[in-house]
Amino acid sequence: GAVVSQHPSWVICKSGTSVKIECRSLDFQATTMFWYRQFPKQSLMLMATSNEGSKATYEQGVEKDKFLINHASLTLSTLTVTSAHPEDSSFYICSASRGGSGNTIYFGEGSWLTVV
Amino acid sequence: QKEVEQDPGPLSVPEGAIVSLNCTYSNSAFQYFMWYRQYSRKGPELLMYTYSSGNKEDGRFTAQVDKSSKYISLFIRDSQPSDSATYLCAMSSAGGTSYGKLTFGQGTILTVHP
């Protein structure tokens with residue numbers, strides 16, 4: 001069964017509003033989680049590294065004020081897309097690993113965001 | 001030049017065929033190599049994981065890594081229609097908590113027809 005869960009799977013929001021996506025590790029603690037974005041027919045692009053108890057680390061070109069990441073517990077990271085616009089419509093996926101190097105990296109089922 | 005190059009296909013094969021999927025990369029620091037399968041509108045599912053160079057076999061799947069050539073492959077034997085999906089290669093260079101930072105190829109769309 002799934003070891004990393006995302007919610008919601010689908011969300012439609014109006015332009016200008018904010019949307020929160022949750023990523024949970026179900027049976028293990030994850031001090032680090034990762035957020036990816038995937039546009040249609042494109043590959044996954046790393047957006048940011050979510051660190052439990054500290055600030056997220058964003059990849060170059062990703063607006064940290066637009067994509068707010070909070071990792072308040074060892075099993076939950078949230079991504080909030082603020083003031084969403086149609087160009088933010090995408091598939092957002094999180095991942096987590098049970099441990100350090102060499103351990104399996106699990107991905108969530110992803111969250112489809114459509115901004116209208 | 002992208003760090004990881006993967007032929008996007010699409011690739012169409014008859015059931016029972018051997019499928020070969022490949023990726024090349026430019027970053028010599030990559031140490032961990034993975035293949036994921038992704039069905040439409042779903043999260044990636046890990047198929048194979050290899051550390052450094054070598055071969056690994058799991059059922060109908062064989063992963064090969066040639067670090068000297070910066071080239072990795074995934075072979076699928078006796079392909080089935082249920083193998084139809086997008087296959088993504090992924091790589092990581094770092095250890096510790098940064099281990100999970102993956103660089104993906106573009107993905108190859110595979111269709112296995114009966």
Side-chain angles (χ1 to χ4, degrees), chain A residues 1-7 9-10 21 23 25 29-54 56-59 71 74 77 90-114, chain B residues 2-10 21 23-25 27 29-52 54 56 58 63 65 85-111:
Chain A
V3 294
V4 175
S5 173
Q6 270 185 254
H7 178 81
S9 300
W10 300 81
I21 301 170
C23 177
S25 55
Q29 295 180 333
T31 55
T32 306
M33 293 184 177
F34 300 88
W35 287 96
Y36 294 80
R37 180 168 53 185
Q38 186 179 32
F39 291 108
K41 298 188 178 182
Q42 295 188 27
S43 192
L44 283 78
M45 296 297 293
L46 180 66
M47 297 176 65
T49 302
S50 175
N51 304 299
E52 188 270 334
S54 64
T57 305
Y58 291 82
E59 296 299 303
H71 195 151
L74 288 170
S77 174
S90 186
F91 191 46
Y92 293 87
I93 314 172
C94 69
S95 72
S97 174
R98 287 182 183 271
S101 306
N103 285 283
T104 299
I105 298 168
Y106 297 98
F107 281 83
E109 283 295 297
S111 300
W112 279 98
L113 170 63
T114 301
Chain B
K2 294 181 180 179
E3 278 194 293
V4 180
E5 296 279 359
Q6 183 178 4
D7 186 345
L21 305 167
C23 288
T24 58
Y25 62 95
N27 188 345
F30 286 139
Q31 296 285 340
Y32 305 93
F33 304 92
M34 301 146 207
W35 285 95
Y36 285 86
R37 177 173 61 195
Q38 186 178 29
Y39 293 110
S40 181
R41 298 175 180 261
K42 296 289 186 181
E45 170 194 10
L46 180 67
L47 285 176
M48 299 289 285
Y49 160 83
T50 308
Y51 170 67
S52 196
K56 190 172 185 178
D58 184 2
V65 175
T86 297
Y87 289 79
L88 299 152
C89 62
M91 307 176 188
S92 175
S93 60
T97 56
S98 294
Y99 163 68
K101 291 179 66 173
L102 299 181
T103 301
F104 282 87
Q106 298 94 309
T108 299
I109 299 171
L110 171 67
T111 301

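Naming convention: chains lettered A, B, ... in sequence-line order (proteins, then strands); numbering from 1 in each chain.
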(request) Can you tell which part of L44(A) gets under 4.5 Å to a heavy atom of chain B, answering side chain, backbone, both or neither? (result) both
(request) Using non-hydrogen atoms and a 4.5 Å limit, figure out which bit of W35(A) sits close to chain B: side chain, backbone, both or neither. (result) neither
(request) Please look at I105(A) and chain B and tell me whether the side chain, the backbone, both or neither of the residue comes under 4.5 angstrom of a heavy atom of that chain. (result) both
(request) Indicate the atoms forming the closest heavy-atom contact of F91(A) with K42(B), along with that distance. (result) CE2-O, 3.5 Å
(message) Which atoms of E45(B) are under 4.5 Å from chain A, going by heavy atoms: the side chain, the backbone, both sets, or neither?
(response) neither
(message) Looking only at the aromatic ring of each residue, does the gap between the centers of F33(B) and Y51(B) stay below 6.0 angstrom?
(response) no
(request) Tell me, out of Q42(A), Q38(A), Q6(A), who's got the most heavy-atom pairs with chain B below 4.5 Å. (result) Q38(A)
(request) Against chain B, label Y36(A) side chain, backbone, both or neither, depending on which of its atoms sit under 4.5 Å from a heavy atom there. (result) side chain
(message) Any non-hydrogen side-chain atom of F30(B) less than 4.5 Å from a side-chain atom of T103(B)?
(response) yes
(request) Would you check if there is a donor-acceptor pair between the side chains of S77(A) and S50(A) at a distance under 3.5 Å? (result) yes
(request) Compute whether any side-chain donor of one residue and acceptor of the other, for T108(B) and Q6(B), lie under 3.5 angstrom apart. (result) yes
